[in-house]
Colleague: 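Take a look at the following structure, please.
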2 protein chains.
Amino acid sequence: MWYVTTPTDPFLADCRARLAFDLLSHTWNAVVIWSLREGPLRPVDLRRRIGGISSKGLTETLRRLQTNGLVTRQAHPGSPPRVEYGLTPLGRTLLAPIDAVGAWGLRVRR
Amino acid sequence: MWYVTTPTDPFLADCRARLAFDLLSHTWNAVVIWSLREGPLRPVDLRRRIGGISSKGLTETLRRLQTNGLVTRQAHPGSPPRVEYGLTPLGRTLLAPIDAVGAWGLRVRR
DNA sequence: CGGTATCCTATAGGATACTG
DNA sequence: CAGTATCCTATAGGATACCG
């Protein structure tokens with residue numbers, strides 16, 4: 001997504017808009033963020049909640065979101081291991097845009 | 001994206017929300033739709049406006065959006081050929097969600 | 001349970017060349 | 001200019017097995 005030609009469109013010329021699209025273009029990103037909207041969840045619950053996501057897929061997604069400062073990881077000591085993922089303040093700000101997209105889908109007839 | 005397990009999350013259980021995410025998950029979909037917001041454009045202008053999209057990529061994207069009822073294609077007779085793509089009313093309804101995402105990107109520090 | 005390591009496949013999507 | 005046809009590669013992401 002590195003421009004060879006500079007886009008005429010100022011909206012697109014500002015790569016940050018494109019980065020936002022790229023963020024949501026990862027299959028699970030939006031879904032995972034959305035699933036955390038009500039509070040932190042453990043991976044196992046997250047998977048149940050989402051449905052159809054592999055363990056690997058979830059871990060990778062969470063790692064990715066973590067790296068981008070959208071999600072926090074908190075490990076509670078003990079056995080069996082217990083880890084919880086939640087949204088950062090920045091992550092929360094993505095809920096509105098994501099909701100706009102999801103809500104659009106719900107509104108549309110298919 | 002066909003659920004093996006039914007998602008616990010009602011928002012996600014309704015596949016239409018997921019379909020919306022999938023729609024925007026295609027690299028160029030959002031960008032192309034966005035670029036048509038001010039009116040119909042010819043492919044060549046669209047490419048200039050977007051920057052970095054291949055001819056093949058654009059054609060495929062437009063075809064895809066057309067199939068989904070988001071974009072119209074109008075061919076004007078004559079030579080050289082002149083074709084214009086524009087948004088359908090349904091396509092227009094996507095502008096708000098897309099804008100929400102793009103605007104988020106612009107707001108965020110990186 | 002959370003996470004990692006392998007392996008494997010489908011496919012997105014660019015580069016290039018070509019047609020009407 | 002609009003579009004198609006080939007070719008090619010990177011990679012997303014599932015399946016499976018395994019570890020602490």
Side-chain angles (χ1 to χ4, degrees), chain A residues 1-5 7-8 12 18-19 21-33 35-36 40-68 71-86, chain B residues 1-5 7-8 12 18-19 21-33 35-36 40-68 71-86:
Chain A
M1 83 139 269
W2 298 121
Y3 296 128
V4 182
T5 323
T8 306
L12 296 178
R18 286 294 308 280
L19 285 171
F21 291 140
D22 285 0
L23 184 66
L24 291 201
S25 81
H26 262 278
T27 311
W28 297 111
N29 283 6
V31 171
V32 166
I33 291 174
S35 300
L36 291 174
L41 284 177
R42 307 169 60 183
V44 65
D45 293 324
L46 215 31
R47 291 187 63 191
R48 251 193 289 277
R49 192 146 187 135
I50 294 174
I53 187 175
S54 67
S55 163
K56 179 184 169 236
L58 179 60
T59 310
E60 283 176 356
T61 303
L62 288 170
R63 212 58 79 231
R64 192 163 50 223
L65 296 176
Q66 215 183 326
T67 311
N68 284 278
V71 154
T72 56
R73 189 195 114 113
Q74 179 167 17
H76 302 79
S79 178
R82 180 189 175 85
V83 179
E84 279 194 326
Y85 289 91
Chain B
M1 84 138 266
W2 297 120
Y3 296 128
V4 183
T5 323
T8 305
L12 296 177
R18 286 296 307 280
L19 285 171
F21 291 140
D22 285 0
L23 184 67
L24 291 201
S25 82
H26 261 280
T27 311
W28 297 111
N29 283 7
V31 171
V32 166
I33 291 174
S35 300
L36 291 175
L41 284 178
R42 307 169 62 184
V44 65
D45 293 325
L46 215 32
R47 290 187 64 191
R48 251 193 290 275
R49 191 149 188 133
I50 292 174
I53 187 174
S54 67
S55 163
K56 178 183 169 239
L58 179 61
T59 310
E60 283 175 356
T61 303
L62 288 170
R63 213 56 80 229
R64 191 162 51 221
L65 296 176
Q66 215 183 326
T67 311
N68 284 278
V71 154
T72 55
R73 188 195 114 111
Q74 180 166 16
H76 302 79
S79 178
R82 180 188 175 86
V83 179
E84 280 194 325
Y85 290 91

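Bear in mind the structure is a predicted one, so any value in this text is a computation, not a measurement. A note on names: the letters A, B, ... follow the listed sequences, proteins ahead of strands, and every chain is numbered from 1.
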Colleague: Regarding B:Thr67 and B:Arg64, do their side chains bring together a donor and an acceptor under 3.5 Å, going by distance alone?
Modeller: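 Side-chain D/A pair, B:Thr67 to B:Arg64: absent.
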
Colleague: Measure from the side chain of A:Pro81, starting at C-beta and using heavy atoms only, and say which of C:dA12, C:dC1, D:dC1 lies closest.
Modeller: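 The closest nucleotide is C:dC1.
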
Colleague: Could you identify which residues of residues 54-66 of chain B place a heavy atom less than 4.0 Å from some atom of DNA chain C, listed by residue number, or say none?
Modeller: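 Per residue number, the list reads B:Ser54, B:Lys56, B:Gly57.
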
Colleague: How long is the line joining NE2 of A:His26 and C1' of D:dG14, in whole Å?
Modeller: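 Atom-to-atom, A:His26 to D:dG14, this comes out as 16 Å.
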
Colleague: Can you tell me the distance, in whole Å, between the CD atom of B:Glu84 and the P atom of D:dA2?
Modeller: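 Between P of D:dA2 and CD of B:Glu84: 10 Å.
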
Colleague: Which heavy atom in A:Trp28 sits nearest to a heavy atom in A:Gly51, and how many Å separate them?
Modeller: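 Answer, listing the atom of A:Trp28 first, then A:Gly51: CH2-O, 4.2 Å.
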
Colleague: Just to verify, which of A:Asn29, A:Leu36, A:Thr61 counts as forming a side chain to side chain contact (heavy atoms under 4.5 Å, CB included) with A:Val71?
Modeller: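 By the side chain to side chain contact (heavy atoms under 4.5 Å, CB included) criterion, A:Val71 pairs with just one of A:Asn29, A:Leu36, A:Thr61: A:Leu36.
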
Colleague: Check whether any side-chain heavy atom of A:Leu62 sits under 4.5 Å from a side-chain heavy atom of A:Leu46, and report yes or no.
Modeller: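 When only atoms from C-beta onward are counted, A:Leu46 and A:Leu62 do touch, with a gap below 4.5 Å.
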
Colleague: Rounded to whole angstrom units, what separation is found between the CD1 atom of A:Ile53 and the C1' atom of C:dG2?
Modeller: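 Those two atoms, CD1 and C1', are 14 Å apart.
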
Colleague: Separation of A:Trp28 atom CH2 from D:dA12 atom C1', in whole Å?
Modeller: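 These atoms are roughly 12 Å apart.
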
Colleague: Can you see if the side chain of B:Arg42 gets near the phosphate of D:dC1 - specifically, an N or O under 4.0 Å from OP1 or OP2?
Modeller: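 Negative; the distance criterion is not met.
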
Colleague: Using whole Å, what does the distance between atom C1' of nucleotide D:dT11 and atom CG of A:Asp22 come to?
Modeller: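 Rounding to the nearest Å, CG of A:Asp22 and C1' of D:dT11 are 14 Å apart.
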
